[in-house]
Amino acid sequence: NAGVMQNPRHLVRRRGQEARLRCSPMKGHSHVYWYRQLPEEGLKFMVYLQKENIIDESGMPKERFSAEFPKEGPSILRIQQVVRGDSAAYFCASSVDRVATQYFGPGTRLTVL
Amino acid sequence: KNEVEQSPQNLTAQEGEFITINCSYSVGISALHWLQQHPGGGIVSLFMLSSGKKKHGRLIATINIQEKHSSLHITASHPRDSAVYICAVSMFGGTSYGKLTFGQGTILTVHP
């Protein structure tokens, strides 16, 4: 059973471009969470999704950020018009239900030039 | 004040020493998690607990719900235990169950 997969592992974008980060949860997991780790800072919750639904997006910046978890395919975190302050490690986690252990992916390191 | 506080922020030990990392939280929780992050690496979930004590190999996690406090112990520490250890909580109620709130992490370095 493969773990949580994220791609790409490293992503470089210029200011103003779009970044798309993908997360494939573990098999059988329908709950997905995105977290962000800014340089020299701790992890922060961004969004919690369950197949085709956003459950909690209270940690998402109001503009430029969106997330989806379609019926088929991976969850996508999309950042439009990236700025240097978006440079961070973005981690995805999945669980079998909302109270179960969350399993983390390896993260995507986004660098905005 | 952060909802989850860890101490110490940095910890250096000699191989073989017994290590304790502490976590205090200020909110009602449904569960507390201990995570491990190696430099430049991913995050591994070590424990999830809501009461009592859990043990896995040389790692032991305890929680005192009344005092809102948890500890992570490492017995017979080894250089490969060097990592950042992160405490996180999930709270009660609605969508809060799934959402983790993190401490700032404890950087552990174990010297041979």
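Small disclaimer: the values here were computed from a predicted structure and weren't measured. Sequence lines set the chain letters: A, B, ... in the order given, protein chains first and strands last, and positions in each chain run from 1.
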_I'd like to know whether Gln37(A) forms a side chain to side chain contact (heavy atoms under 4.5 Å, CB included) with Gln37(B), so could you lay out the CA-CA distance, the side-chain angles of the two residues, the decisive distance to 0.1 Å, and finally the verdict._
CA-CA 12 Å; Gln37(A) 188 172 41; Gln37(B) 184 176 28; 3.0 Å; yes

*asked:* Do Phe104(A) and Val44(B) have side chains that approach each other closer than 4.5 Å (heavy atoms only, starting at C-beta)?
replied: no

*Non-hydrogen side-chain atoms of Tyr35(A) and Leu100(B) separated by less than 4.5 Å*: yes

Heavy atoms of other groups near [X] [atom1], more than 12 under 6.0 Å:
X	atom1	result
Lys51(A)	NZ	yes
Met60(A)	CE	yes
Gln17(A)	CD	yes

*Minimum-distance pair of heavy atoms, taken over all atoms of Met48(B) and Val99(A)*: CE-O, 3.3 Å

*Using a distance-only test with no angle check, is there a side-chain donor-acceptor pair under 3.5 angstrom linking Lys44(A) and Thr101(B)?*
no

Co-membership, hydrophobic cluster, residues [X] and [Y], 4.5 Å side-chain:
X	Y	answer
Ile65(B)	Leu32(B)	yes
Phe65(A)	Leu21(A)	yes
Tyr48(A)	Phe69(A)	no
Leu11(A)	Leu77(A)	yes
Val83(A)	Met46(A)	no

Atom group of [X] that falls short of 4.5 Å from chain B, counting heavy atoms:
X	result
Ser95(A)	neither
Ala93(A)	neither
Phe91(A)	side chain

*Take Phe102(B) and Phe45(A), measure what ring-ring contact (aromatic ring centres under 6.0 Å, His included) needs, and give me the verdict at the end.*
CA-CA 8 Å; Phe102(B) 301 86; Phe45(A) 167 81; 9.0 Å; no

*Nearest-0.5 Å distance, OG1 of residue Thr101(A) to CG of residue Leu35(B)*: 10.0 Å

*Might you work through the side chain to side chain contact (heavy atoms under 4.5 Å, CB included) test for Gln102(A) and Ser90(B), ending with a clear yes or no?*
CA-CA 11 Å; Gln102(A) 295 184 21; Ser90(B) 46; over 6 Å; no

